[in-house]
Amino acid sequence: MALLPFYIPGKRRIKVVIAGGGYAGMAALTTLKRYAPDAVITLIDPGDQHLKITHLHETFRYPLSNLLVPFSTLETRFGCRHIQASLTVTDELLRQWQKDKYLVANDAIIDFDYLVIATGAESRQAPQSGNVLTLQHFMYTAGPDLLLKHLNRAHKDQPIISVVGAGATGIQFLFEIRRYLSRQKIDAKLQLIHSGDRVLAQFPQGFDDYVQTCMQDLNIKAVPDVRYHGQSDDQIQLEDKQSERFYELPSHLTLLFLGKKQETVLSANAFGQAVVGQQALRHIFIAGDCSVYKSPGSNVLCAQSAVRKGKLVGRNILRHSGLLALLEPYLHHDIGYVVNLGPTDAVGWLVTEGNIVTGIPALTIKELVEAQYDLLLRGIDTYVV
Ligand SMILES: Cc1cc2nc3c(=O)[nH]c(=O)nc-3n(C[C@H](O)[C@H](O)[C@H](O)COP(=O)(O)OP(=O)(O)OC[C@H]3O[C@@H](n4cnc5c(N)ncnc54)[C@H](O)[C@@H]3O)c2cc1C
């Protein structure tokens, strides 16, 4: 058992419920088990497997099964229990749970000392039809199967595929698809439709410059400054943002990556405890993309922050349950972010946003970060904090 500074355990084994078995939930689980192996942990998640979603675009190269870790495996590995259910979270329920210290999932009453909400962020929705795919589809079926099914159905000599959304997810899928089409010698056109005047707008300008050059080299058409309104038959409906004119473009398959909804996020204090109204709920912690912490730390919706919040929450739950009850504030700052541009290229920043890396160095950083997370899932924590 590793030693956690400022944690002097009480006599009782603590009971923790974690809702959400994604990056933040896994980080909370592994941290709790690292410092308190006898903690009784119940994981609630509607799925039956943990999905390493940061690799999802890579199913154009590897089987989807490579990204899945069954919760049954994690139950054995970490000595926890998984309940396959979805927990509805409202302010009223949070207050209720704080008072009652139990909740109901699948008709079972589960007692807890602490509850962690780590349910992620929902994707933005838009009108869909038969030839529209979203991130959700890729969570259940590998990229090539989805793509080929739709392209075969389109019966076109040179089908047009549209990727809508130029955030990290849209760009990563765009380049994976381009490379996949080339490898399979499939003659299809690819276009990127997005609402801004540059791609990867949340990152430094250098990302846009690099990606636009790569898109030109790979013959990917850019359609900037438009709003997506829907898809019918083989046409995508768009609105020019400046002129507000509606128009259509041919598209035989449209992939929507519209980003995450911000409306469903929960607030927390600097220690990760849920705040409802003005009141901190001392036994309910939140982490990951569903949370915004009132602290100087990073609230970016990314796996790095999700893992750091999950780990902090694990440590703070133990400290709160211990004899000193001294909690640690969330101060994590992301030290980089890398966006894959297919199997052999990437663009990212490291240490400072001005330090842009591309190609093999960027890919290597990404692989190191992913390997660190894989080790965590195996119970080996190599994170400095
Ligand atoms: C294709 C792709 C590539 C990405 N690449 C990167 C990257 O390179 N680097 C990076 O830092 N970030 C990346 N991200 C973002 C990163 O994946 C997220 O920020 C991260 O997964 C957030 O972790 P989380 O635990 O908050 O949520 P998630 O990982 O989304 O997990 C949420 C979990 O909660 C469960 N759940 C949902 N609702 C409920 C409910 N009501 N009750 C119980 N359980 C529930 C879900 O089933 C899921 O298991 C990428 C995202 C995508 C889609």
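Positions are given from 1, in the same order as the sequence printed here. First listed ligand is number 1; within each ligand, the first listed atom is number 1.
- Atom numbering of ligand 1 starts at 1 in the shown order; those under 4.0 Å from a heavy atom of Gln172 are 3 (C), 4 (C), 5 (N).
- Ion pairing between a basic and an acidic side chain is recognised when a charged N comes within 4.0 Å of a carboxylate O; Lys52 and Asp374 show such pairing.
- Summarising the contacts of atom 6 (C) of ligand 1 with Tyr373, Tyr337, Phe173, the nearest heavy atom is found in Tyr337.
- At most 12 non-hydrogen atoms from other residues, nucleotides or ligands lie less than 6.0 angstrom from OH of Tyr62.
- Judged by the 6.0 Å and 45° rule, Arg245 forms a cation-pi pair with Tyr247.
- Near Lys366, meaning under 4.0 Å from any of its heavy atoms, are these atoms of ligand 1: 7 (C), 8 (O).
- Residue Cys302 touches ligand 1 through backbone and side chain together, judged by heavy-atom distances below 4.0 Å.
- Backbone and side-chain nitrogen or oxygen atoms of Ala287 are examined, and none is located within less than 3.5 angstrom of a nitrogen or oxygen of ligand 1.
- Looking at His55 next to ligand 1, no N or O pair under 3.5 Å apart turns up.
- Of the candidates Val307, Ile286, Leu135, Leu56, it is Leu135 that places a heavy atom closest to atom 53 (C) of ligand 1.
- Among Ala28, Gly21, Ala85, Gly22, the residue whose heavy atom sits closest to atom 31 (O) of ligand 1 is Gly22.
- For Tyr35, the ring pair (Phe, Tyr, Trp, His ring centres under 6.0 Å) test picks out no residue, with sequence neighbours left out.
- By the 3.5 Å distance cut-off applied to N or O atoms, Thr88 is not counted among the residues near ligand 1.
- Remark: of the listed residues Lys101, Arg12, His320, Arg13, Arg12 is the sole one forming a side-chain hydrogen bond (donor to acceptor under 3.5 Å, both in side chains) with Asp113.
- Stacking of Lys309 on the aromatic ring of Tyr293 is recorded, both the 6.0 Å distance cut-off and the 45° axial limit being met.
- Checked by distance only, ligand 1 and His57 stay at 3.5 Å or farther apart across all their nitrogen or oxygen atoms.
- The hydrophobic cluster containing Phe271, built from Ile/Leu/Val/Met/Phe/Trp/Tyr side-chain heavy atoms closer than 4.5 Å, also comprises Leu327.
- Residue contacts with ligand 1 include Ser86, since one of its heavy atoms falls under 4.0 Å from the ligand.
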